[in-house]
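Everything quoted here is computed from the prediction, not taken from an experiment.
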Amino acid sequence: MASSLTCAGIVWAFLSFLCAAASCVGFFMPYWLLGSQLEKSVSFGTFRRCSYPVRDESRQTTVMVEQCGRYASFQAIPSAEWRICTVVTGLGCGLLLLVALTALMGCCVSELISRTVGRVAGGIQFLGGLLIGSGCALYPLGWDSEEVRQTCGNLSNQFELGTCHIGWAYYCTGGGAAAAMLVCTWLACFSGKKQKQYPY
């Protein structure tokens with residue numbers, strides 16, 4: 001099988017896939033913010049949550065349901081900042097995944113990735129990483145929502161965690177985006193082979 005990638009391009013393709021996978025997994029997992037409520041561990045993502053309080057009418061108490069899931073609707077996400085974060089980060093992850101899959105196809109298909117296409121792909125990766133980075137920067141603005149305050153000892157506010165702490169999924173998402181922006185964008189410039197000139 002002929003490849004349209006240089007040696008640097010093959011490294012770029014696999015690193016792009018790893019960065020996209022890290023960002024997408026981190027984005028999907030509800031472990032961006034970790035805390036506790038009613039002595040049960042609670043975690044939040046941008047659009048998912050684990051463990052939530054439910055009113056038990058038979059016992060007239062509030063109990064914690066220990067399950068993970070998405071919010072019932074987009075509007076049910078606790079804050080406008082988290083809704084924006086969900087859209088922006090999702091778009092960024094989509095762009096990184098698109099470039100990564102195209103780059104992996106370039107390992108097997110000749111003349112798919114030229115130098116120009118590689119540079120455009122690097123620009124798309126930079127944009128994707130920038131979108132994810134923006135989403136990660138917006139996320140702390142939603143820490144003042146009522147749901148988060150209940151989980152973080154009623155001490156949380158924008159950019160103040162209270163009794164909560166940042167989870168591994170936040171770092172995974174941001175780390176994948178940073179590597180895509182800094183390393184993959186640079187490697188993309190050297191990824192494509194010079195195309196053959198056909199005399200027509």
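- Residues V117 and L112 fail the side-chain proximity criterion, which asks for heavy atoms closer than 4.5 Å.
- Checked by atom type and distance alone, the side chain of T185 never pairs as donor or acceptor with a backbone atom of L182 at under 3.5 Å.
- In the displayed structure, F14 atom CZ is contacted under 6.0 Å by at most 12 heavy atoms of other residues, nucleotides or ligands.
- Between the side chain of S23 and the backbone N or O of L96, no donor-acceptor pair lies under 3.5 Å.
- Side chain of R49 to backbone of F44: no donor-acceptor contact under 3.5 angstrom is found.
- Taken together through direct or relayed side-chain contacts under 4.5 Å among Ile, Leu, Val, Met, Phe, Trp and Tyr, F17 and W12 form part of one hydrophobic cluster.
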Please evaluate residues T151 and Q37 with respect to the criterion side chain to side chain donor-acceptor pair (under 3.5 Å), reporting the C-alpha separation (whole Å), side-chain torsions for both, the decisive distance (0.1 Å), and the verdict. CA-CA 5 Å; T151 301; Q37 189 174 353; 3.2 Å; yes

Before giving the answer on side-chain contact (heavy atoms from CB on, under 4.5 Å), spell out for T62 and V54 the whole-Å C-alpha distance, their side-chain angles and the decisive distance to 0.1 Å. CA-CA 6 Å; T62 302; V54 173; over 6 Å; no

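- The aromatic rings of W32 and F27 stand perpendicular to each other, their planes meeting at an angle above 60°, with 30° marking the opposite boundary.
- Each of L138, L91, I77 was checked for a side-chain contact (heavy atoms from CB on, under 4.5 Å) with T86, and the lone residue meeting it is I77.
- Using a 4.5 Å cut-off between side-chain heavy atoms of Ile, Leu, Val, Met, Phe, Trp and Tyr, with links allowed through other members, F190 and V120 fall into the same hydrophobic cluster.
- Between Q158 and W143 the shortest side-chain heavy-atom distance does not fall below 4.5 Å.
- Residues L33 and Y170 fail the side-chain proximity criterion, which asks for heavy atoms closer than 4.5 Å.
- Geometric assessment of R48 against the ring of F28 yields a positive cation-pi assignment under the 6.0 Å and 45° thresholds.
- For the atom pair CG of L34 and SG of C152, the computed distance is 9.5 Å after rounding to the nearest 0.5 Å.
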Please lay out, stage by stage, how E66 and K40 fare under the test side-chain contact (heavy atoms from CB on, under 4.5 Å). CA-CA 8 Å; E66 296 184 72; K40 303 283 185 188; 3.4 Å; yes

Residues L141, W82; criterion side-chain contact (heavy atoms from CB on, under 4.5 Å); working and verdict: CA-CA 8 Å; L141 293 173; W82 282 14; over 6 Å; no

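- Contact annotation: the side chain of S134 approaches that of V88 to within less than 4.5 Å [non-hydrogen atoms, C-beta and beyond].
- Side-chain atoms of S51 and Q67 include no donor-acceptor pair closer than 3.5 Å.
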